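Here the structure comes first, spelled out in structure tokens, and everything after it is commentary.
Chain letters run A, B, ... following the sequence lines, proteins first, then strands; residues in each count from 1. Note that this is a predicted model, so its numbers are computed, not measured.
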Amino acid sequence: MTENNPVHAPGAAFLAAALDDEIVLLDLARGQLILLDRAAARVWRACGAAATAGGRAERRATGILRRLARAGAVVRQGGDRWVQARVRWI
Amino acid sequence: MGAGPRPVDLTLLPPLDAGGRKAAKVRLALGNWTLHLAGPPAALSAVCAVLSELRVDGEVPPAVTIALSPDLRSATGAVGARTLWTLALPPSGWLGAVVGHAVATLANVLTRLLFIHAGAIAAEGQGCVIVGESGAGKTSLAASLIRAGAASMADDLVLLDPEHGTMLPVIIPLGVKAWTARAAGTLPAGREVACEGGTRYWLPDARAHAPARAAMFVFVGRGGLPRLRPLTRGAALLALGRHTSSLSRRHRLEDAFRGFARILPAARCLTIGGRHPAALAPSVLRYLRAGVAAR
């Protein structure tokens, strides 16, 4: 996951664009672009259904979720429940 | 590339007298964009020579007025009665500063077209945007590409039409600085229209007069291995966000994001490493033409 600005906050509204296997999020409040690589995009998409990370064997997924949360792209809802922040696809 | 219709309508108004120094006004009709200039005649002549081939199509930006002080030490830019900027001009390099601010003002008043501070060339209807920091080698790469058979599309300002996935010709002479000339070697066939502050303004004979498909984005970096490497489209969008473009204008942020995300899926994205990007011009042209063949 790559960002063009290290400002983080949860609960922001995003625009999302899928480009090949990657997703680029635009944090509308901060004017910040966030690139989700293939792995991060898969994890983030899974959060659209309020998925849990506990069932995932990969530590990588949890690490990605934590970074997504720092960027505000997902919100932790207690325990291992993660949900996407408000987003509009283009 | 044909010569096309002359896109400029110059109207010289009677000279004024400002504090004993002669001043003049010029109206430049640059396609859909009108630029009013006022200042010392010799300075206006140089500005007109550099901007006279510029043509804005695709939307109608508001007219901009740029006034140079009689002593050429300052300039102001305005839209209507609203002054947008005031600039202290250096004794050497004032022409580049004025042209740069004129072009930047155009970029800022656009509402539909997207812009990138970049250069561009086209070959066989396929356009290639060359993005990079100042001094990275954009102009020398563009000059080498033109010498190898491409047409000049833009230098400094690239305009993109997100609805049609095209880039529009924004013809401004190549700003050839000493290091650009060294990196590019021989300049492409063309003519020098102005020279000031150590910069030669070189207008190539091969110029695009019609939109081209936004087929390729090349990001010129500094250092690294001297080769072309593919860049994911997501990474390309992020890289555009780091450069001066419509994405860096708060009021354009959302529509710029949508527009670039709409253009990029049909484009090939590459990075160029090494200290002499111009040396890779043949490879860039090969990639661009391979895209033509694949379509």
Nearest 0.5 Å, what's the [atom1]-[atom2] distance between [X] and [Y]?
X: E254(B); Y: L15(A); atom1: CD; atom2: CG; result: 4.5 Å
X: D37(A); Y: T232(B); atom1: CG; atom2: OG1; result: 9.0 Å
X: R233(B); Y: L35(A); atom1: CZ; atom2: CG; result: 13.5 Å

| message | More than 12 heavy atoms of other residues, nucleotides or ligands under 6.0 Å from CH2 of W85(B): yes or no? | response | yes
| query | Under a 4.5 Å heavy-atom cut-off, does chain B meet the side chain of A16(A), its backbone, both or neither? | reply | backbone
| At a heavy-atom separation under 4.5 Å, does R38(A) approach chain B through its side chain, its backbone, both, or neither? | neither
Identify the two heavy atoms, one from [X] and one from [Y], that lie closest to each other, and give their separation to 0.1 Å.
X: L19(A); Y: P265(B); value: CD2-CG, 3.7 Å
X: L237(B); Y: L33(A); value: O-CD1, 3.7 Å
X: R30(A); Y: R250(B); value: C-NH1, 3.4 Å
X: I90(A); Y: A261(B); value: CD1-CB, 3.6 Å

| Of the backbone (N, CA, C, O) and the side chain (C-beta and beyond), which part of A236(B) lies under 4.5 Å from a heavy atom of chain A, both, or neither? | neither
